[in-house]
Amino acid sequence: MSETRRKLTTIFCADVQDYTRLMGADEEGTLASLKRCREAMGRLIESHGGRVINTWGDGLIADFPSVVEAVRAAVDTQNELAGFNARRPADGRMLFRIGINLGDVIVEGDDIYGDGVNIAARLQTSAAAGGIVISSTVYDQVRNKVAVGFEFLGPLMVKNVDEGVPSYAVKIGDARDETPSAERSGSARPQPVMSAGKAETTPAPGGRRLYGVLGIVAAVLIGINLLSWQGVFWARFPVLALAVIAALAWNRDQTQFNRKITLLAILALGLAGINLFTWTGQFWAVWPILGIAAVMGVRWSMRR
């Protein structure tokens, strides 16, 4: 009889989005693509110190002694598969979803069981096509060690687990299931996905242009106000509105902070600005800001 024991490990779970549809359209071609993708995935898993435990249908499960290497393997896998899919028609792409969890599991022979595995499988089903979702236990270990962005998704309900599992999407580039307009015209290939060893630090050109336009509009408004001065600085309100728009645009693209918490902070600063610009001796904004701060505190406490 095989020995049963427990261990703490990182569980990597993957499957194919719309596998049934792909099989219905082309069984032989889909099986050939699945075999090729699995071979690539298995090679990357082994190169990062992992071990493929089992495969079934379109699914795959592996475990890693290192949490960091598990996430790097997932990012490198999605990067390589994105290149493979770039040469295929949009309706024939084989897009994998990956879920990763760090948990205590039961080991029986070469297989693993338990809630740790179930959570990884649930995270995988919650991932976007071509995406990666990790649990908070994984996030706590990799957030300062793997140079990719993360987006907090909130608690994920898992069968047989009383409390929701906080989860994060790994930001590795644009959604795989979106086809760039240049590719649809056949003139360009999709942009490569960020690798696990690189970070997205350069602001998007569109974002820089927006900030430039908003800055010019604000300067023109202030100039008109000063040149037509009649004792009232009326430009303060449109300039404040432009500043809020710029902050919202920055928050949309940034990956360093939780976007929902940052949005609440921007709202609080906007209210404080309105209060100061309409000052009548009373700081009325303190109450809505206090309420926003309470909501921010609740959301922050749910990150762990």
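Keep in mind the model is a prediction, meaning the values are calculated, not measured. The figures here come from the full heavy-atom set of this structure, side chains too, leaving out hydrogens, waters and symmetry mates.
Taking the charged nitrogens against the carboxylate oxygens, Arg36 and Glu39 have no contact shorter than 4.0 Å, which rules out a salt bridge.
Using a distance-only test at 3.5 Å, with no hydrogens or angles considered, a donor-acceptor pair links the side chain of Asp58 to the main chain of Val16. Judged by distance alone, with hydrogens and angles left aside, the side-chain atoms of Asn275 form a donor-acceptor pair with the main-chain N or O of Ala285 at under 3.5 Å.
Pairing each heavy atom of Pro65 with each of Gly49, the nearest pair is CD-O, 3.3 Å. Scanning both residues, Gly29 and Asp26, for their nearest heavy atoms gives N-OD1, 3.0 Å. Pairing each heavy atom of Ser167 with each of Leu123, the nearest pair is CB-CD2, 3.7 Å. Closest of all the heavy-atom pairs between Arg97 and Ala129 is CG-CA, 4.0 Å. Residues Gly42 and Val52 share a closest heavy-atom pair of CA-CG2, 4.1 Å. Among all heavy-atom pairs drawn from Val133 and Ala127, the shortest one is CG2-CA, 3.5 Å.
For the atom pair Ile45 CD1 and Asp76 CG, the distance stands at 11.5 Å (nearest 0.5 Å). Going from atom CG of Leu95 over to atom CZ of Phe84 covers 10.5 Å, rounded to the nearest 0.5 Å. Atom OG1 in Thr55 sits 6.5 Å away from atom CG in Leu60 (nearest 0.5 Å). With rounding to the nearest 0.5 Å, the separation of OG in Ser136 from CG in Leu153 is 11.5 Å. One distance of note links OG1 of Thr9 with CD1 of Ile53; it measures 7.0 Å at 0.5 Å rounding. Interatomic distance, Met94 CE to Asn85 CG, rounded to the nearest 0.5 Å: 8.5 Å.
Here the side chains of Phe96 and Thr77 are not in contact, with every heavy-atom distance at 4.5 Å or above. At least one side-chain heavy atom of Tyr19 sits under 4.5 Å from a side-chain heavy atom of Leu34. Put simply, the side chain of Ile134 reaches to within 4.5 Å of the side chain of Phe150, judged on heavy atoms. Side chains of Arg38 and Lys35 form no contact here, defined as non-hydrogen atoms less than 4.5 Å apart. Between Glu69 and Thr10, the closest side-chain pair of non-hydrogen atoms is not below 4.5 Å. Between Leu81 and Gln78, the closest side-chain pair of non-hydrogen atoms falls below 4.5 Å.
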Verify side chain to side chain contact (heavy atoms under 4.5 Å, CB included) between Arg143 and Tyr168, making sure each step is shown before the conclusion. CA-CA 10 Å; Arg143 58 179 176 172; Tyr168 294 79; over 6 Å; no

Give the C-alpha distance, both sets of side-chain angles, the deciding distance and a yes or no for side chain to side chain contact (heavy atoms under 4.5 Å, CB included) between Ile266 and Leu248. CA-CA 8 Å; Ile266 293 171; Leu248 293 175; 4.2 Å; yes

Take Lys171 and Val148 through the test side chain to side chain contact (heavy atoms under 4.5 Å, CB included) and record every step on the way to the result. CA-CA 6 Å; Lys171 307 294 287 184; Val148 293; 5.9 Å; no

Show the numbers, then the answer: is there a side chain to side chain contact (heavy atoms under 4.5 Å, CB included) between Met23 and Leu31? CA-CA 8 Å; Met23 285 291 288; Leu31 288 174; 4.2 Å; yes

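A donor-acceptor pair shorter than 3.5 Å can be found between the side chains of Arg122 and Ser126.
Considering only residues two or more places apart in sequence or on other chains, Phe64 meets the ring pair (Phe, Tyr, Trp, His ring centres under 6.0 Å) condition with Phe12.
The hydrophobic cluster containing Leu271 also contains Leu264, counting ILVMFWY residues as joined when their side-chain heavy atoms lie under 4.5 angstrom apart, directly or transitively. Linking ILVMFWY side-chain heavy atoms closer than 4.5 Å, directly or via other members, places Ile216 and Leu221 in a single hydrophobic cluster. One hydrophobic cluster holds both Val67 and Ile132 under the rule that ILVMFWY side chains link at heavy-atom gaps under 4.5 Å. Trp284 and Trp279 fall into different hydrophobic clusters, where Ile, Leu, Val, Met, Phe, Trp and Tyr are joined by side-chain heavy atoms under 4.5 Å apart, directly or via other members. Hydrophobic clustering keeps Val117 apart from Val71 (ILVMFWY residues linked when any side-chain heavy atoms are closer than 4.5 Å, directly or through intermediates).
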Would you be so kind as to tabulate the donor-acceptor pairs closer than 3.5 Å made by side chains of residues 227-235, with sequence neighbours excluded?
residue: Ser228; atom: OG; partner: Ile224; partner atom: O; Å: 2.6

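Tested against Val105 for a side chain to side chain contact (heavy atoms under 4.5 Å, CB included), the candidates Asp115, Ile11, Leu8 yield a single pass: Ile11.
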